[in-house]
Amino acid sequence: MGKETCLLTQQTNHINMKAMQAVIRAVDFAVPSRRMSNEEFSAFLDTSDEWIRSHTGIGYRHIAEPSVATSDLAVEACKKVLEKTGIAPEEVDLILIATATGDFLGFPSVSCIVQDRIGAKKAAAMDVVAGCTGFIYALETARNFILGGGARNILVAGAELLSRVIDWKDRNTCVLFGDGAGAVLVSADSSDGNRGILHSVLRSDGSGARLLERTEGGTRFPFKDGVIDPARTYLKMDGRQVYNFAVKVVSEGIVDLMESNHITTDDLSWIVPHQANVRIIEAAAKRSKIPLSKFFINIEEYANTSAASIPIALSEMCSKGLLKAGDLILTFGFGAGLTYGGNLIRW
Ligand code: ACO
């Protein structure tokens, strides 16, 4: 009898799964009000607006006040999304925050802090650590929770405070990053089998783990009594190697995702890439023979906000009227880990 009941439940779930889609119901974002220009770096570093713009496409970044932590930005973005949808915090089943710059080292997670602050009393909460690809990983995780019947409403956010972990004396890295959070509500929806997160590709290449790291403070190289070298806790990157990796995986990954879904560039309204460097986007567009005009680019204003860059981009696209219901879009990211991947989404 126990066995039969179990089988019936599985079959019922399977029938429901077919019709159910994981749909993005709203998107919003939060960035600190302090807007820092490239020129400001010239006051304390050997750099210039001309160098930063020509090598990266970055003009500004938003920098959090010292009293602000990652969860503060995530809470603001998540609250805005809930307000837009009218979903009560108690109706949220799961909170997934993609971040590599949590409020605390390792634990507690940012998502648990967000859960408490927004009053999502029935929600599970966990962080997704996949570098700048974190939001893409988190969206696909949300889709699987929904298709598996484990959740109906999921808050997914990317939230980062990179200004807190960069070396402000290192011109190779500190000009590249900014702070921010972007969030979406992903809900179960069976009204239109064509809508929602349709397919994702998630990949990793840990052989490049040390190309982008914060060397000390973890269990490999723990803090030692009396030996404190802050520089070894800051973000360190082999920019050239990451650049080469990014151009390769973005150009090949976008084509893979299109081919495996039997679509062409003409079917896509937008490609929304991780905003790390406009030259990476330009090189990937050229290599994959996709017109640059298909790529949404807003790096000039926010710099690289890591896992927050894609949801911030989606939110800006919505408020500018660039995303309409029914549009097919493709996100693609890469980052620390190394990780990379993309989502195909019918908006
Ligand atoms: N201002 C002036 N000069 C600079 C600066 C700066 N801010 N930064 C570097 N330079 C100098 C270097 O010191 C070097 O000088 P040298 O020749 O005297 O040694 C020169 O510029 C050229 O350096 P390169 O590293 O060759 O510059 P490049 O054109 O490759 O640009 C960059 C560097 C922007 C970091 C590029 O390699 C890049 O974008 N890499 C990928 C970075 C990335 O995407 N990171 C994030 C991915 S994951 C995540 O998002 C967390």
Side-chain angles (χ1 to χ4, degrees), residues 36-61 70 98-102 128-137 158-182 203-206 208-215 234-251 253 272-284 295 297-300 302-313 331-342:
M36 182 181 181
S37 70
N38 290 340
E39 283 88 355
E40 290 179 63
F41 282 99
S42 311
F44 58 94
L45 277 180
D46 181 13
T47 189
S48 63
D49 178 54
E50 194 283 318
W51 192 97
I52 300 170
R53 278 185 190 272
S54 60
H55 285 74
T56 69
I58 295 166
Y60 303 89
R61 69 285 295 142
T70 305
T99 186
T101 49
V128 175
V129 183
C132 305
T133 324
F135 182 76
I136 284 162
Y137 269 63
E160 305 277 14
L161 230 94
L162 288 143
S163 67
R164 226 32 81 65
V165 304
I166 51 179
D167 183 347
W168 285 88
K169 293 187 193 127
D170 177 13
R171 68 176 184 175
N172 291 292
T173 51
C174 73
V175 300
L176 303 175
F177 298 97
D179 302 333
R203 297 276 187 272
S204 60
D205 179 4
R210 310 256 354 230
L211 296 178
L212 189 43
E213 66 174 8
R214 295 174 64 196
T215 311
Y234 297 144
L235 178 154
K236 191 164 73 65
M237 175 174 70
D238 183 333
R240 178 50 57 184
Q241 293 258 50
V242 174
Y243 184 98
N244 294 340
F245 162 79
V247 173
K248 181 177 187 311
V249 298
V250 175
S251 53
V272 188
H274 170 45
Q275 311 282 319
N277 184 334
V278 77
R279 282 167 56 221
I280 292 175
I281 300 170
E282 286 166 355
F295 290 77
I297 301 171
N298 68 350
I299 192 171
E300 206 250 342
Y302 303 105
N304 179 350
T305 55
S306 189
S309 88
I310 287 175
I312 290 175
T331 64
F332 209 90
F334 58 91
L338 300 167
T339 57
Y340 56 106

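As the structure lists them, so they are numbered: ligands from 1, and atoms in each ligand from 1.
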- Message: Heavy atoms only, cut-off 4.0 Å: how does Asp46 contact ligand 1, side chain, backbone, both, or neither?
- Response: backbone
- Item | Exercise: identify the closest heavy-atom pair between Ile281 and His274 | CD1-O, 4.1 Å
- Message: So, regarding Ser306 and ligand 1 (criterion: nitrogen or oxygen to nitrogen or oxygen, under 3.5 Å), is there a contact or not?
- Response: no
- Query: Does Ile280 approach ligand 1 within less than 4.0 angstrom via side chain, backbone, both or neither, non-hydrogen atoms only?
  - Reply: side chain
- Message: Under 4.0 Å from a heavy atom of Ala276: which atoms of ligand 1 are those, numbered in the order shown and with their elements?
- Response: 44 (O)
- Best match, Gly131, Ser48, Gly239, Cys132: closest heavy atom to atom 41 (C) of ligand 1: Gly239
- Query: Just heavy atoms, cut-off under 4.0 Å: does Tyr243 contact ligand 1 by side chain, backbone, both, or neither?
  - Reply: both
- Message: Closer than 3.5 angstrom, by distance alone: can the side chain of Arg61 be matched with the main-chain N or O of Met36 as a donor-acceptor pair?
- Response: yes
- Note on the structure: The answer for which part of Leu45 has a heavy atom under 4.0 Å from ligand 1 is neither
- Message: Looking at ligand 1, would Phe334 count as a contact under a 4.0 Å heavy-atom criterion?
- Response: yes
- Message: Tell me the closest heavy-atom pair linking Cys174 and Leu45, and the distance in Å.
- Response: SG-CD1, 3.4 Å
- Message: Just to confirm my output: which protein heavy-atom neighbour is closest to atom 31 (O) of ligand 1, and how far is it?
- Response: Arg279 NH1, 3.8 Å
- Test item: side-chain donor near acceptor, Thr101 and Glu160, under 3.5 Å: yes
- Message: Among all the protein's heavy atoms, is there at least one whose distance to atom 18 (O) of ligand 1 comes out below 4.0 Å?
- Response: no
- What atoms of ligand 1 come closer than 4.0 angstrom to any heavy atom of Met237? 42 (C), 43 (C), 45 (N), 46 (C)
- Query: Looking only at N/O atoms, are Asn277 and ligand 1 under 3.5 Å apart anywhere?
  - Reply: yes
- Note on the structure: Any heavy atom of Thr47 under 4.0 Å from ligand 1? The part involved is both
- Message: Taking the side chain as everything from C-beta on, heavy atoms only, tell me whether Tyr234 gets closer than 4.5 Å to Thr173.
- Response: no
- Using a 4.0 Å heavy-atom threshold (strictly under), name the region of Asn304 that reaches ligand 1: side chain, backbone, both or neither. side chain
